[in-house]
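What you see is a predicted model; the values in this text were computed from it and never measured.
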Amino acid sequence: MLGEQGFVALTADLGPAARYRAFLAAVRGDVRVVIGTRAAAFAPVRDLSLVALYDDGDDLLAEQRAPYPHAREVLAIRAADVGAAVLIAGYSRSCEVQRMVNRQWLIPLVAERGQLRRTAPRTRIAADTDQALARDPAARAARLPHDVFETIRVGLAAGPVLVQVPRAGYLTSLVCQDCREPVRCGHCHGPVRAGRADHGADDYGRTVMLSCRWCGRMLPQWQCPTCGFRRWRAPVVGAARTAEELGRAFPSTTVRQSMGGSVLDRVPSTPALVVATPGAEPPADDGYAAAVLLDTGLMLLRADLRASEEGLRRWLNVTALVRPGEQGGTVIAVGDTGSRPLQALVRTDPAGFAARELAERAEARFPPAVKLITVDGRTESLADFTGLLEPPEPTEILGPVELGPNATGDVMINRLTLRSPLTVGNRLTAAVKAVSATRSAKKAEGALRIQVDPVEIG
């Protein structure tokens, strides 16, 4: 549509020579469109009139090296600077985009509910009716309830079936042993970790001490605020084991795995079971006949503030790979029927979920409703940083708290967290920048890793 000379691609796998040729074509104005990955946000496009970003919640759009820019923020700044139009597309909506919508910086363009009902697959949660519970009384506790096997059996009669499973060893936060609510710090609402100590006990009776990952407070007498239970657990799951179990349950069916270093590009439209980890789901020719979302609770229990938002994003991306409901496409999720992200999935309502999530983050003083800066380094370096810092009021200083040893294992790294309202966010950032400049001029020992509004907060 753009013609052979209408665009260039900028991706990391092009190689230095090809990237340089694409860069020159853009800076000279030989092409009008630049398409690429994260680094394409910096492409020197002449007479920039539109910036577009797909799936802004993908963590690959955030640079892992200083100064840690996010493609969404880079494009937004460039568009505001030259008056260009902005288009952010995706099947889900991040809280950052929702905040732009609330400020009327972006206008939502969404399909009508009638159109969604026609084009989206039929989505439901396992054991969501009294009839399903009567047929399978243990459905709420089972990892593979009867509804899942029935969905897979019907789907295989029409085409391939996708099964999404969180990868083995997926980092999860602690949860209450009784009600499965996440364990949070009572002071700053941060995630909690466990370590060896003389107080407290996990679900196996081991003596441990709980401590906050943010403010470092010890929680020797932790008690669940929801149910009052005092024990916790940290579940894990494996995708390879799931593939083996399903292979035994459907012995005459081809089972394909897509995960880690062996991600499939596509799968044919012939009946097969495709077991994939989040982000490695291959598209199917003519779409999947059905999809199964297993262990959804584990997706929501990662030690990350964005766990719910990320879980819904992953599930909606899977839903987009399934055939429309009018063609028999079905999606079934195994999890808590009262889970808000799962309810948003059933309703196909990412906008409503993002609005509520943003409101709750504002109430709990979480980004993007506040300005949050993390500073990682040695204890002495953080003490020097704190002594030089003159933060604006009101700014909360949480920590420092231990993160663990560095890459070589000879130095313990700690984290200091700064949090302030958005009204003084720019001043806080400027104060942190001034301290960094002062330490650099003094050639102070001990490097610091400073991140403003980090993508991963856990």
### Message
So that I can tick it off, tell me whether R99 and E96 are bridged by a salt bridge, with the cut-off set at under 4.0 angstrom between side-chain N and carboxylate O.
### Response
no
### Message
In the structure I gave you, are the side-chain heavy atoms of E310 and M299 within less than 4.5 Å of one another anywhere?
### Response
no
## Note on the structure
d(I152 CD1, T253 OG1) to nearest 0.5 Å is 9.5 Å
### Task
To the nearest 0.5 Å, tell me how far N414 CG sits from L403 CG.
7.0 Å
### Task
Compare every heavy atom of A289 with every heavy atom of G155, then report the nearest pair and how far apart it is.
O-CB, 3.4 Å
### Message
Taking G279's backbone N and O only, do any of them form a donor-acceptor pair with E281's side chain (distance below 3.5 Å, no angle check)?
### Response
yes
### Query
To the nearest 0.5 Å, how far apart are CZ in R314 and CD in E309?
12.0 Å
#### Entry: ring-ring contact (aromatic ring centres under 6.0 Å, His included) contacts touching residues 339-370 (sequence neighbours left out)
W214-F366
### Task
Might you point out which heavy atoms bring A272 and R256 nearest each other, and give the distance in Å?
CB-NH1, 3.2 Å
### Summary
Residues at least two apart in sequence or cross-chain that pass side-chain contact (heavy atoms from CB on, under 4.5 Å) with T386, listed by chain then number, are L416
### Message
Can you confirm whether R340 is buried at CZ, in the sense that more than 12 heavy atoms of other residues, nucleotides or ligands lie under 6.0 Å from that atom?
### Response
yes
### Contact summary for L312 and P350, nearest pair of heavy atoms
CD2-CA, 4.3 Å
### Query
Under the side-chain contact (heavy atoms from CB on, under 4.5 Å) criterion, do W315 and L342 qualify, and how do the steps go?
CA-CA 9 Å; W315 300 332; L342 285 179; 3.5 Å; yes
### Query
Does C188 reach the side chain of C212, with side-chain heavy atoms less than 4.5 Å apart?
yes
### Summary
Value for OG1 (T319) from OH (Y91), rounded to nearest 0.5 Å, stands at 10.0 Å
### Message
If you apply the rule side-chain contact (heavy atoms from CB on, under 4.5 Å), what do you find for M412 with T379, and how did you get there?
### Response
CA-CA 8 Å; M412 182 61 66; T379 303; over 6 Å; no
### Task
Please answer whether the main-chain N or O of E445 pairs with a side-chain N or O of R439 as donor and acceptor at a distance below 3.5 Å.
yes
### Query
So among R93, R356, R361, E357, which one has a side-chain hydrogen bond (donor to acceptor under 3.5 Å, both in side chains) with Q98?
R93
### Query
Hey, are the side chains of R38 and V74 touching, using non-hydrogen atoms and a 4.5 Å cut-off?
no
### Query
Which pair of non-hydrogen atoms, one from P282 and one from L321, has the smallest distance, and what is that distance?
O-CD1, 4.2 Å
### Query
How about F229: does its CZ atom have over 12 heavy atoms from other parts shown lying under 6.0 Å from it?
yes
### Query
Atom SG of C95 and atom CG of L305: how far apart are they, to the nearest 0.5 Å?
8.0 Å
### Query
So do V267 and Y288 actually touch side chain to side chain, heavy atoms under 4.5 Å?
yes
### Task
Test V401 against S211 for side-chain contact (heavy atoms from CB on, under 4.5 Å), laying out the working first.
CA-CA 9 Å; V401 60; S211 62; 5.7 Å; no
#### Entry: Sub-4.5 Å side-chain heavy-atom contact between V97 and R72
yes
### Query
Is any side-chain N of the basic residue among R124 and D147 closer than 4.0 Å to the acidic one's carboxylate O?
yes
### For the student: nearest non-hydrogen atoms of A364 and R419, plus distance
O-NH1, 3.8 Å
### Query
If every non-hydrogen atom of V346 is compared with every non-hydrogen atom of T123, which pair is closest and at what distance?
CG1-O, 3.7 Å
### Message
Within the structure provided, determine whether V163 and L246 are in side-chain contact (heavy-atom separation under 4.5 Å).
### Response
yes
### Message
Quick one: does any side-chain atom of Q164 pair with a main-chain N or O of L293 as donor and acceptor, under 3.5 Å?
### Response
no
### Query
If you round to the nearest 0.5 Å, how far is CG of D336 from CD of Q343?
9.0 Å
### Task
Look at atom CG of N426 and say whether more than 12 heavy atoms of other residues, nucleotides or ligands are closer to it than 6.0 Å.
no
### Task
Taking atom CG of D13 as the centre, report whether more than 12 heavy atoms of other residues, nucleotides or ligands fall under 6.0 Å from it.
yes
### Message
Main chain of A280, side chain of S258: is a donor-acceptor contact present, judged purely on distance under 3.5 Å?
### Response
yes
### Message
Pair R313, D58 - check side-chain contact (heavy atoms from CB on, under 4.5 Å), show working.
### Response
CA-CA 9 Å; R313 186 184 75 85; D58 193 333; 4.0 Å; yes
### Query
Can you check whether V318 reaches V331 side chain to side chain, under 4.5 Å on heavy atoms?
no
### Query
Taking T296 for the side chain and V334 for the main chain, is one N or O donor matched with an acceptor at less than 3.5 Å?
yes
### Query
Does some side-chain heavy atom of L428 sit less than 4.5 Å from a side-chain heavy atom of P392?
yes
